[in-house]
Amino acid sequence: MRAPTLQYFYLQKPLTLLLLIAAISTLCWIGCGEFYTKGEPREASVAVSMLEKNNWILPQVYADELAYKPPLTHWLMAVFSMPGGEVTPFTSRLPSALAFIFLIGICFIFFGRNLKSQEAFLACLILLTSFELHRSAMTARVDMLLTFFIILGLMRLFRWEERKDTRGFPIEIPIILGLAALTKGPVGILLPLLVFGVYLLLLRYNCWKIIVKLVPIALSSLVLPGIWYYLAYKTGGKEFTDLVWAENFGRFLGSDDLNIQYNLGHTEPVWFNFVTLIAGFIPWCILLFLSLFGLKYSGKIPGLKKIWNNLLGMPKIKLFSLVSIVVIFIFYCIPSSKRSVYLMPVYPFLAIFIAQYVLYLTEYHRKIGRAFGLIIGTVGSLIVILGLLTIVTHTIDPVQLTGIFTRHRRTLADVAATWQSLNSPQILYIVLFCLLISALYVLFSQLWKKNNLKILYTTIATYLVINLVLDGIFLPAFKDGVSSKPIAEELQKIYPIEDNNVFVMNNLLEYSNMYGLNFYFHNNFRNFEKEKPEKGFLLVGKDSFQKVLQRYGNDYSFQLLEMKENKNRDGEKVLEFYSFKREITHAEFKME
């Protein structure tokens, strides 16, 4: 039996365990809780448009707004929604969850073939428990699928150089990168090839050879997305090309006009990327912080020449990982628009170094690992106490706290909404709390023993259970507490709402779009300013209605039907629902 085959069977059991953990930590909970931000329902509404309007190339959302991103994620959402006949939070989040599970799988296979099995296994557990990846795996956005294809493409590029010294043409790589571009645009092609090009330079490849090898891959990667871009241009014309320019190049150019016109948002300074990367590795950043106080420092700073020689002397897998981290991080420091999810392709490669460092701490600095376990255990204990006091005994009422602490009203209002949405104790609540109590008992019993590796894995297991409790109990209650779904259901139940009689003001320069309500109205909002309807219903923020009245008060009569508090923050704090009718002017009356 060949060595690779033996290695495959050696890795099979931990791979199965990792995939099982990834599936349990995501698939069981992605259907729990409604949409509560504007991003998720905006993406899900694209899938709604695909299914209901049969427009799979360039669907429209929120009145006449074109879809912001390429359609691969939305195609998957629509396909997953077909058996049930409707797009739901579960089917919308399913592409991200599956991409996360597959990402864990390919990372373990890739790491396991190039590193010690212990390091590969721990690196994947770090990915499983990192805050940013876990959060993104549970949301209906395009970023997790993009991360999967970028990482897969980078891994295949690494294997191509390792096996064939870049000889031949790797036909699977353009397909992978093309799918990445179909997920979020040209960055899916540019970024992996940029990382690989820098890596080849450090391996002392000739610059001309690098160009000759990478240009054909880049061009062939454009075939799949190029077909869609052409068809979309035929459908959307200049409006589509303007949107593509703003989304893919306006962010890098830092144009204020484009940022305002297309609501690109997320303009942040460079230090924002450092903060979000650290926060994204919660809870592991806590362990890394603790280690700063337990290590001894020699005070000697190596010279640049020695650092460079050590860099070039690294094993290929570590050099490739380091290049990936640095290039991707610097790449996303360039655009004015910055978000934490942009840095997710860094996480698997950074997890390698964190895993090796954690194993070093576990072996040589035992107190740090114990302190980390104690912190996680304390957090879990507080969750148990809080959960029992709120859900079971109702001793604590966060609603009353909102009137006491005025500095943090928004956060406490979210807590209050979560509290109000928590149901009486259910079987699921009891099972999850019992599971957490059991995990805490095992963790605290291990903390006083000498097996540091067991303490580490018990700490990880406890944190995984904490995530289960949060995802299964508290987060669904929070999402439901601030969702706009109840408002949509109530309005549709009371008033004669049809597919073409609810209008909104779709002008991002002056109004806030209500993507959550649009989704729960089945993506049937119409553009008031564009269509100038004779009559219907108007949904608008309270603060924005004065603008509407100033512009259209002479032409329309408006009657206020409902005023609703908007806990979602998707749009304005107070929403108003009007019926309206066009007034007949004197000139029109004379013509009649």
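Remember, predicted model here, so these are calculated numbers, not experimental data.
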Participant: For a quick test of reading the model, state the closest non-hydrogen atom pair linking Thr88 to Ser81 and the distance between them.
Facilitator: N-OG, 4.4 Å
Participant: Within the 3.5 Å criterion, strictly below it, is a donor on Glu52 or His522 matched to an acceptor on the partner's side chain?
Facilitator: no
Participant: Would you please say whether a donor-acceptor pair under 3.5 Å links the side chains of Thr129 and Trp284?
Facilitator: yes
Participant: Under a 4.5 Å cut-off applied to non-hydrogen side-chain atoms, are His134 and Met138 in contact?
Facilitator: yes
Participant: If the plane angle is over 60° it's perpendicular, under 30° parallel, otherwise tilted; pick one for Phe320 and Phe158.
Facilitator: tilted
Participant: How far apart are the C-alpha atoms of Arg526 and Asp64, what are their side-chain angles, what is the distance that settles it, and do they pass the salt bridge (Lys or Arg N to Asp or Glu O under 4.0 Å) test?
Facilitator: CA-CA 7 Å; Arg526 309 292 292 270; Asp64 58 349; over 6 Å; no
Participant: I would like to know whether Leu76 and Leu94 meet side chain to side chain contact (heavy atoms under 4.5 Å, CB included); could you show each step before the answer?
Facilitator: CA-CA 8 Å; Leu76 294 175; Leu94 188 55; over 6 Å; no
Participant: Shortest non-hydrogen contact from Val548 to Met505?
Facilitator: CG2-CG, 3.9 Å
Participant: How far apart are the closest heavy atoms of Trp228 and Pro70, and which atoms are they?
Facilitator: CH2-CA, 3.8 Å
Participant: Minimum heavy-atom separation for Ala22 to Phe100, with atom names?
Facilitator: CB-CE2, 4.3 Å
Participant: Show me the donor-acceptor pairs within less than 3.5 Å that the side chains of residues 193-206 make with the rest of the protein, sequence neighbours left out.
Facilitator:
unit_1, atom_1, unit_2, atom_2, d
Tyr205, OH, Glu161, OE2, 2.7
Tyr205, OH, Asp165, OD1, 2.3
Asn206, OD1, Trp208, N, 2.8
Asn206, OD1, Lys209, N, 3.3

Participant: So, using side-chain contact (heavy atoms from CB on, under 4.5 Å) as the criterion, who are the partners of Pro186 when residues are at least two apart?
Facilitator: Tyr229, Asn248
Participant: Of the non-hydrogen atoms in Pro348 and Phe111, which two are nearest, and what is the gap between them?
Facilitator: O-CZ, 3.3 Å
Participant: Under 3.5 Å, is there a donor-acceptor pair between the side chain of Tyr347 and the main chain of Leu127?
Facilitator: no
Participant: What verdict does the side chain to side chain contact (heavy atoms under 4.5 Å, CB included) test give for Ser337 and Tyr342, after you've listed the backbone C-alpha separation in whole Å, the side-chain angles of each residue and the deciding distance to 0.1 Å?
Facilitator: CA-CA 10 Å; Ser337 178; Tyr342 294 168; 3.7 Å; yes
Participant: Indicate whether any N or O donor in one side chain lies under 3.5 Å from an N or O acceptor in the other, for Thr276 and Ser340.
Facilitator: no
Participant: Does the separation of the ring centres of Phe80 and Phe90 fall below 6.0 angstrom?
Facilitator: no
Participant: Would you indicate whether Phe102, at its atom CZ, is surrounded by more than 12 heavy atoms from other residues, nucleotides or ligands within a distance under 6.0 Å?
Facilitator: no
Participant: Side chains of Ser136 and Thr139: donor-acceptor distance under 3.5 Å anywhere?
Facilitator: no
Participant: Using side-chain heavy atoms (C-beta onward) and a distance below 4.5 Å, is Leu18 in contact with Leu125?
Facilitator: yes
Participant: Test side chain to side chain contact (heavy atoms under 4.5 Å, CB included) on Leu72 and Leu145; report intermediate values, then the result.
Facilitator: CA-CA 9 Å; Leu72 181 57; Leu145 190 64; 4.2 Å; yes
Participant: Would you please indicate yes or no on a ring centroid separation below 6.0 angstrom for Phe329 and Phe274?
Facilitator: yes
Participant: Using only atom types and a distance under 3.5 Å, with no angle test, would you say the side chain of Glu40 pairs donor to acceptor with the backbone of Ala140?
Facilitator: yes
Participant: So does Lys316 have more than 12 non-hydrogen atoms from other groups sitting under 6.0 Å from NZ?
Facilitator: yes
Participant: Donor-acceptor pair, Asn55 side chain versus Ile57 backbone, under 3.5 Å?
Facilitator: yes
Participant: A side-chain contact here means heavy atoms from C-beta on lying under 4.5 Å apart; do Phe149 and Leu182 qualify?
Facilitator: no
Participant: Flag yes if more than 12 heavy atoms outside Tyr230 fall under 6.0 Å of its OH atom; otherwise flag no.
Facilitator: no
Participant: With a 6.0 Å cut-off (strictly less than), is the heavy-atom count around NZ of Lys573, excluding the residue itself, greater than 12?
Facilitator: no
Participant: Any idea which heavy atoms bring Leu146 and Thr183 closest together, and the distance?
Facilitator: N-CG2, 3.7 Å
Participant: Do Leu177 and Ile173 have side-chain heavy atoms sitting under 4.5 Å apart?
Facilitator: yes
Participant: Sub-3.5 Å donor-acceptor pair from the side chain of Lys532 to the main-chain atoms of Glu529, do we have one?
Facilitator: yes
Participant: What I want to check is whether the side chains of Tyr515 and Glu65 have a donor and an acceptor closer together than 3.5 Å.
Facilitator: yes
Participant: If we check salt bridge (Lys or Arg N to Asp or Glu O under 4.0 Å) with Glu34, which of these qualifies: Lys567, Arg93, Lys485, Lys479?
Facilitator: Lys485
Participant: Just so I know, are the side chains of Val540 and Phe528 near enough to count as touching, which here means a heavy-atom distance under 4.5 Å?
Facilitator: no
Participant: Ignoring hydrogens and angles, tell me if any N or O in the side chain of Asn467 forms a donor-acceptor pair with the backbone of Ser25 under 3.5 Å.
Facilitator: no
Participant: Just to verify, which of Ser483, Pro41, Ser45 counts as forming a side-chain contact (heavy atoms from CB on, under 4.5 Å) with Tyr520?
Facilitator: Ser483
Participant: Under 3.5 Å, is there a donor-acceptor pair between the side chain of Gln492 and the main chain of Ala488?
Facilitator: yes
Participant: Could you tell me if Asn506 and Asn513 have a donor-acceptor pair between their side chains, going purely by distance under 3.5 Å?
Facilitator: yes
Participant: What do the steps show when you test Thr91 against Val79 for side chain to side chain contact (heavy atoms under 4.5 Å, CB included), and what is the final call?
Facilitator: CA-CA 9 Å; Thr91 59; Val79 169; over 6 Å; no
Participant: Looking at side-chain heavy atoms only, is the closest gap between Leu58 and Phe240 below 4.5 Å?
Facilitator: yes
Participant: Please confirm whether Phe525 and Phe521 have ring centers closer than 6.0 angstrom.
Facilitator: yes
Participant: Taking Asp543 for its side chain and Glu572 for its backbone only, find out whether a donor-acceptor pair lies under 3.5 Å.
Facilitator: no
Participant: If you measure from CD1 on Ile101 to CD1 on Ile21, what distance do you get to the nearest 0.5 Å?
Facilitator: 12.0 Å
Participant: Could you list the residues that satisfy side-chain contact (heavy atoms from CB on, under 4.5 Å) with Met82, not counting sequence neighbours?
Facilitator: Leu51, Trp56
Participant: Answer yes or no: is there a side-chain heavy-atom contact under 4.5 Å between Met77 and Pro95?
Facilitator: yes
Participant: Within the structure provided, determine whether Gln60 and Val46 are in side-chain contact (heavy-atom separation under 4.5 Å).
Facilitator: no
Participant: State yes or no: are the ring centers of Phe35 and Phe519 separated by less than 6.0 Å?
Facilitator: yes
